[in-house]
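All remarks here apply to the structure that follows.
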Amino acid sequence: MIDPVPILYSGDSLAGNFLNNYRTLFPTFFNAPRYARHEFDRFEDRLKRIADGFLEGYSNGDLDVKRRVKQEEFIQLTDLTVTHWQLLQIDELSSEQKIRYGEREAIANRIAELVKKIEEFQWFDEKSGTKLA
């Protein structure tokens, strides 16, 4: 069987998504019903270490791979921020949106955190001492 709508993501894109999930989404979505029970915010340092280890293993020391994955992570982070802003433009959130993102107040509060993460995004590879962007 041939998929008529194949996934067009590259491995680097999926790796960037992994980093975004562990560094941003999981720790900041602690107040969204879908994620609340996991209490990811309590384990933010551990999640960051998992993401760091994943990036090291995935890139195998190749700075070009790290750069591409970090670019994808940044795109994911920016897209997540825009999605939050778009949700606040909607008059009534669907039940699915409320489960996934939380109530309007949680969404609005999260935007400030996401913007801060964009501003402080780490483009420096500490292991090699190289700037990635």
Side-chain angles (χ1 to χ4, degrees):
M1 179 178 271
I2 297 174
D3 186 349
V5 187
I7 295 175
L8 299 177
Y9 298 113
S10 69
D12 295 343
S13 178
L14 295 173
N17 185 59
F18 181 94
L19 295 182
N20 185 60
N21 285 342
Y22 278 73
R23 290 184 179 155
T24 301
L25 190 138
F26 295 152
T28 60
F29 275 56
F30 65 90
N31 53 2
R34 180 177 183 183
Y35 302 97
R37 68 182 173 149
H38 302 294
E39 299 180 330
F40 287 127
D41 57 315
R42 293 183 46 221
F43 305 101
E44 189 167 359
D45 289 337
R46 184 177 297 167
L47 293 169
K48 183 187 179 307
R49 288 193 309 272
I50 290 169
D52 292 345
F54 174 83
L55 180 59
E56 287 304 317
Y58 181 85
S59 68
N60 197 26
D62 186 330
L63 291 177
D64 287 332
V65 172
K66 280 187 180 180
R67 182 176 295 110
R68 289 192 310 265
V69 172
K70 292 293 288 181
Q71 289 169 347
E72 290 293 342
E73 178 187 9
F74 188 77
I75 289 167
Q76 296 282 336
L77 171 59
T78 305
D79 183 64
L80 186 62
T81 307
V82 169
T83 298
H84 276 63
W85 182 83
Q86 289 171 335
L87 287 170
L88 292 179
Q89 308 312 305
I90 298 171
D91 290 333
E92 180 81 25
L93 296 174
S94 70
S95 58
E96 179 186 344
Q97 290 166 328
K98 288 178 184 177
I99 290 169
R100 180 170 289 175
Y101 296 97
E103 297 293 333
R104 296 180 81 74
E105 183 179 351
I107 294 168
N109 291 338
R110 200 175 297 123
I111 288 175
E113 287 183 67
L114 296 173
V115 168
K116 184 178 179 188
K117 285 186 175 286
I118 289 171
E119 292 171 344
E120 296 174 351
F121 193 81
Q122 183 63 260
W123 288 103
F124 187 76
D125 179 52
E126 295 174 11
K127 190 171 184 178
S128 69
T130 304
K131 189 170 181 175
L132 297 174

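Everything numeric here is computed off the predicted structure, so don't read it as measured data. In what follows, residues are counted from 1 in the order of the sequence shown.
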Main chain of [Y], side chain of [X]: is a donor-acceptor contact present, judged purely on distance under 3.5 Å?
X: Arg100; Y: Ala32; result: no
X: Asn109; Y: Glu105; result: yes
X: Gln89; Y: Trp85; result: yes
X: Lys117; Y: Arg23; result: yes
X: Lys70; Y: Phe124; result: no

Check the angle between the aromatic planes of [X] and [Y] and answer parallel, tilted or perpendicular using the 30° and 60° thresholds.
X: His84; Y: Tyr101; result: perpendicular
X: Phe54; Y: Tyr58; result: parallel
X: Phe74; Y: Trp123; result: tilted

Dump the intermediate steps for side-chain contact (heavy atoms from CB on, under 4.5 Å) on Lys98 and Glu92, then the final yes or no.
-> CA-CA 10 Å; Lys98 288 178 184 177; Glu92 180 81 25; 3.9 Å; yes

State whether the number of non-hydrogen atoms from other residues, nucleotides or ligands found under 6.0 Å of Lys48 atom NZ is greater than 12.
->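 Counting other residues, nucleotides and ligands, NZ of Lys48 stays at 12 neighbours or fewer.
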
With the 4.5 Å side-chain cut-off for hydrophobic clustering, are [X] and [Y] part of the same group?
X: Leu19; Y: Ile50; answer: yes
X: Val69; Y: Phe121; answer: yes
X: Ile111; Y: Ile90; answer: yes
X: Ile75; Y: Leu55; answer: no
X: Ile118; Y: Leu80; answer: yes

Can you name the closest pair of heavy atoms from Glu72 and Gly16 and give their distance?
->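 Residues Glu72 and Gly16, closest heavy atoms: CB-CA, 3.9 Å.
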
Please step through side-chain contact (heavy atoms from CB on, under 4.5 Å) for the pair Asn60 and Val65, ending with a clear verdict.
-> CA-CA 8 Å; Asn60 197 26; Val65 172; over 6 Å; no

Considering only heavy atoms from C-beta outward, does the side chain of Phe43 approach that of His38 to under 4.5 Å?
->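 Side-chain contact under 4.5 Å: no.
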
To the nearest 0.5 angstrom, please state how far the [atom1] atom of [X] sits from the [atom2] atom of [Y].
X: Asp125; Y: Leu63; atom1: CG; atom2: CG; answer: 5.5 Å
X: Leu47; Y: Asp52; atom1: CG; atom2: CG; answer: 11.0 Å
X: Ile107; Y: Asn31; atom1: CD1; atom2: CG; answer: 9.5 Å
X: Phe26; Y: Phe40; atom1: CZ; atom2: CZ; answer: 5.0 Å
X: Asn20; Y: Leu25; atom1: CG; atom2: CG; answer: 6.5 Å
X: Gln76; Y: Thr81; atom1: CD; atom2: OG1; answer: 11.0 Å

Run the salt-bridge test on Glu113 and Arg110 with the 4.0 Å N-O cut-off and return the result as yes or no.
->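 No.
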
Does a side-chain N-to-carboxylate-O contact under 4.0 Å join Asp64 and Arg67?
->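 Yes, charged N to carboxylate O under 4.0 Å.
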
